[in-house]
Amino acid sequence: MARAFAKISFTPDVQAVQTEMGSRTAYRAAELGEAETVVLSAFEQAFIAERDSFYQATVSQSGWPYVQHRGGPVGFLKVLDEQTIGYADFSGNRQYLSVGNLCGDDRVSLLLMDYPQRQRLKIWGRARVVDTRSEPALLEKLELPDFRAPVERGIVIRVEAFDWNCPKYITPRYSQNEVEALLVQARQRQPVVVTTHAPAVLGNGALPLTISGIRQLTPRIRAYELRHIGGEPLPAYRAGAHIRVPIALPDGSVTSRAYSLTDASGDPDCYRIAVLRVDGGEGGSSALHDGWQIGTRLNVEAPENYFPLHDDERPALLIAGGIGITPIKAMAETLAARGADFQLHYTGRAPREMAFVKDLQRQFPNRCRFYFSQTQNPTRPDLSALLGSASADTVIYVCGPTRLIDSVRQTARRFGIADERVQFESFI
Ligand SMILES: Cc1cc2nc3c(=O)[nH]c(=O)nc-3n(C[C@H](O)[C@H](O)[C@H](O)COP(=O)(O)OP(=O)(O)OC[C@H]3O[C@@H](n4cnc5c(N)ncnc54)[C@H](O)[C@@H]3O)c2cc1C
């Protein structure tokens, strides 16, 4: 199926340059066949709802493009339905360039940026102007009750195409609100207590490992890469496995916590985990975030697995909630490498708080569905529909909050699905 954006934007001139530069073969497939029906998924909808600005290009009567920056409170660009977006047009410098251009040509091109997360969404659509006289009810939907700027009209855009593209040259930038939120978070954190009691090498396991990589995935989730100190290969594991790692607490004592391995195994030369910082409790995860650095030495036992993925060709229904995505991601990658049939349903508060959303979207665009409970238009998985339509040999895996696990298990029982076909792991 052709990508709608390729149909619109790969004009003969563009194609000629692609041919000259050697990229035509790779892009040609994107424009063959009928154009896809364009629907904004929960993922695009949540991304749009979190923006406080975007760039909009219109086409002028003279043929010149005109690009305008539009800003407002977060969520001022609204998703009206899965094919329509719109915003209230506040009174500005009274040049009316964009609105004037729309009188002659309704085509617009939007660029939505998330600089901190280095994400960019392009949208193509056809815009129309609405006002209190023509469509008062629609204009009301676009208004922002807490924003006091006078609304002159609304712009409603029927989306014809969209495309996510490469984060390579996006410099992370932070708005004042984002910096303030980060400062509040940093102030809330316990200061790292340097203790003389913490041993230089943590733990007594058989595998001598060192932290070789750290990546901040979301404000509260960090990914860690652990390698053998001598560069030796590590014991293999099956998707669903975890390692138990030693952590030095601020009082100098050493505790341990389990963390699922996030990658398909193969012959691992490293183990990857992702750790959510849970404030309160014994503080294992926060001590890990504060204490682990590149080069930290740990002795760890080989992986264990109480949540193993099946080995045969049966299809899988993978359901993850929040940080429960960690073993589920390894399962999805393993199933994909095997060529097995699977669907992944991943639910969380909002994309920016959920690990691996972008990776999964890129790796498995047709197999993943995302649900966001704390965005403008909250969505949640319809477990009855998912389990009710699963084939009789599908194996169901769920990892996440207790409530999600319980709901999946109860729904499965209602459909008469045998307990052994419903595998689950709770982190608590
Ligand atoms: C097999 C297994 C695999 C795990 N894999 C991961 C993983 O991949 N990534 C990860 O971040 N954690 C994972 N965990 C959870 C992890 O082991 C710790 O429990 C977690 O980091 C919290 O430890 P803590 O010392 O900070 O808090 P604790 O003192 O252990 O707990 C603090 C409070 O938070 C609750 N709590 C614990 N974990 C969570 C959570 N995830 N969400 C909400 N509340 C929670 C506890 O019930 C308690 O009330 C896994 C646990 C198990 C058993």
Side-chain angles (χ1 to χ4, degrees), residues 185 188-190 192-193 198 202-203 205 209 211 213-226 237-265 268 270-292 296 298 300-309 318-334 344 346-350 353-357 359-360 373-374 397-407 423-428:
Q185 252 177 40
Q188 279 169 352
R189 279 182 197 155
Q190 300 277 336
V192 182
V193 178
L202 298 173
L209 305 183
I211 307 297
I214 302 177
R215 204 155 57 98
Q216 191 81 37
L217 299 181
T218 75
R220 289 172 62 215
I221 302 175
R222 270 186 205 162
Y224 295 89
E225 184 186 90
L226 292 79
Y237 61 90
R238 274 167 70 190
H242 64 269
I243 49 172
R244 181 159 276 282
V245 299
I247 304 165
L249 294 174
D251 66 4
S253 63
V254 177
T255 184
S256 74
R257 292 286 183 274
Y259 294 102
S260 302
L261 298 166
T262 59
D263 289 18
S265 59
C270 73
Y271 291 148
R272 291 201 176 89
I273 59 174
V275 179
L276 170 73
R277 184 184 186 105
V278 179
D279 291 315
E282 280 185 37
S285 56
S286 44
L288 185 157
H289 272 227
D290 292 338
W292 280 20
T296 296
L298 315 164
V300 172
E301 294 298 355
E304 289 185 297
N305 199 338
Y306 308 137
F307 188 44
L309 180 67
L318 309 176
I319 302 172
I323 192 64
I325 190 61
T326 47
I328 296 287
K329 172 177 174 284
M331 290 178 173
E333 290 178 359
T334 307
L344 166 53
Y346 179 14
T347 165
R349 289 185 193 164
E353 294 184 42
M354 294 162 65
F356 306 120
V357 165
D359 301 313
L360 294 166
S373 62
Q374 289 184 10
Y397 295 87
V398 53
C399 184
T402 315
R403 230 182 31 218
L404 177 69
I405 295 176
D406 289 348
S407 304
Q423 303 294 319
F424 62 94
E425 185 157 79
S426 167
F427 286 175
I428 297 175

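One-based numbering, in listed order, for ligands and for the atoms of each.
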Student: Please report which non-hydrogen protein atom sits nearest to atom 42 (N) of ligand 1, along with the residue it belongs to and the distance in Å to one decimal place.
Tutor: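 Looking at atom 42 (N) of ligand 1, the protein heavy atom closest to it is Leu276 CD2, 4.2 Å.
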
Student: Tell me: protein heavy atom nearest atom 26 (O) of ligand 1, and distance?
Tutor: Ser285 OG, 2.6 Å

Student: Looking at ligand 1, would Ile273 count as a contact under a 4.0 Å heavy-atom criterion?
Tutor: no

Student: Can you check whether Ser426 has an N/O within less than 3.5 Å of an N/O in ligand 1?
Tutor: no

Student: Side chains of Ile325 and Met354: does their closest heavy-atom pair fall under 4.5 Å?
Tutor: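 Heavy-atom side-chain distance check fails, nothing below 4.5 Å.
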
Student: Is there any N or O on His242 that sits under 3.5 Å from an N or O of ligand 1?
Tutor: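 No, there is no polar N/O contact under 3.5 Å.
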
Student: May I ask you to list the atoms of ligand 1 that are less than 4.0 angstrom from any heavy atom of Val275?
Tutor: 11 (O)

Student: Dump the intermediate steps for side chain to side chain contact (heavy atoms under 4.5 Å, CB included) on Phe424 and Ile319, then the final yes or no.
Tutor: CA-CA 9 Å; Phe424 62 94; Ile319 302 172; over 6 Å; no

Student: If you have a sec, work out which protein heavy atom is nearest atom 20 (C) of ligand 1 and how many Å separate them, to one decimal?
Tutor: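 Scanning the protein heavy atoms, the shortest distance from atom 20 (C) of ligand 1 goes to Tyr259 OH, 3.9 Å.
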
Student: Between His242 and Tyr306, does the ring centre distance come in under 6.0 Å?
Tutor: yes

Student: Could an N or O of ligand 1 be found under 3.5 Å from any N or O of Ala274, whether backbone or side chain?
Tutor: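 By distance alone, the answer is yes.
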
Student: For atom 31 (O) of ligand 1, find the nearest protein heavy atom and state the residue, atom name and distance (0.1 Å precision).
Tutor: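 For this ligand atom, the closest protein heavy atom is Gly281 CA, 4.4 Å.
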
Student: Which atoms of ligand 1 have any heavy atom of Thr326 under 4.0 Å away?
Tutor: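 Contacts of ligand 1 toward Thr326, numbered from 1: 7 (C), 8 (O).
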
Student: Nearest to atom 52 (C) of ligand 1 by heavy atom, Ala355, Gly284, Ala258: which?
Tutor: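 It is Ala258 whose heavy atom sits nearest to atom 52 (C) of ligand 1.
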
Student: In terms of atom number and element, which parts of ligand 1 are under 4.0 angstrom from non-hydrogen atoms of Gly283?
Tutor: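 Answer for ligand 1: 25 (O), 26 (O).
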
Student: Verify side chain to side chain contact (heavy atoms under 4.5 Å, CB included) between Arg277 and Thr218, making sure each step is shown before the conclusion.
Tutor: CA-CA 10 Å; Arg277 184 184 186 105; Thr218 75; over 6 Å; no

Student: When you measure from the side chain of Arg222 to the backbone N and O of His289, does any donor-acceptor pair fall under 3.5 Å?
Tutor: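 Checked: pair present.
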
Student: Quick check: do Val245 and Trp292 have side-chain heavy atoms less than 4.5 Å from each other?
Tutor: yes

Student: What is the closest protein heavy atom to atom 6 (C) of ligand 1, and at what distance does it sit?
Tutor: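 Answer for atom 6 (C) of ligand 1: Phe427 CE1, 3.3 Å.
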
Student: How far does CD1 of Ile323 sit from OG1 of Thr262, to the nearest 0.5 angstrom?
Tutor: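 Output value for this atom pair is 9.5 Å.
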
Student: Run the side chain to side chain contact (heavy atoms under 4.5 Å, CB included) check on Leu261 and Ile273 step by step: do they pass?
Tutor: CA-CA 5 Å; Leu261 298 166; Ile273 59 174; 4.0 Å; yes

Student: Could you grab the distance from atom OH of Tyr259 to atom CD1 of Ile247, nearest 0.5 Å is fine?
Tutor: 4.5 Å

Student: In terms of atom number and element, which parts of ligand 1 are under 4.0 angstrom from non-hydrogen atoms of Ile323?
Tutor: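 Heavy-atom distances to Ile323 below 4.0 Å select 9 (N), 10 (C), 11 (O), 41 (N).
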
Student: Atom CG in Leu318, atom CE in Met331: separation rounded to 0.5 Å?
Tutor: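 Leu318 atom CG to Met331 atom CE measures 7.0 Å (nearest 0.5 Å).
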
Student: Report the distance from atom OG1 of Thr326 to atom CD of Glu425, rounding to the nearest 0.5 Å.
Tutor: 8.0 Å

Student: Can a protein heavy atom be found under 4.0 Å away from atom 48 (C) of ligand 1?
Tutor: no

Student: Check each of Glu425, Arg257, Glu282 against atom 30 (O) of ligand 1 and report the one with the nearest heavy atom.
Tutor: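 Closest candidate by heavy-atom distance is Arg257.
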
Student: For Ile428 and ligand 1, does the shortest N/O to N/O distance drop below 3.5 Å?
Tutor: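 No, no N or O pair falls under 3.5 Å.
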
Student: Could you check atom 40 (C) of ligand 1 against the protein and tell me its nearest heavy-atom contact, residue, atom and distance included?
Tutor: Val278 CG2, 4.1 Å

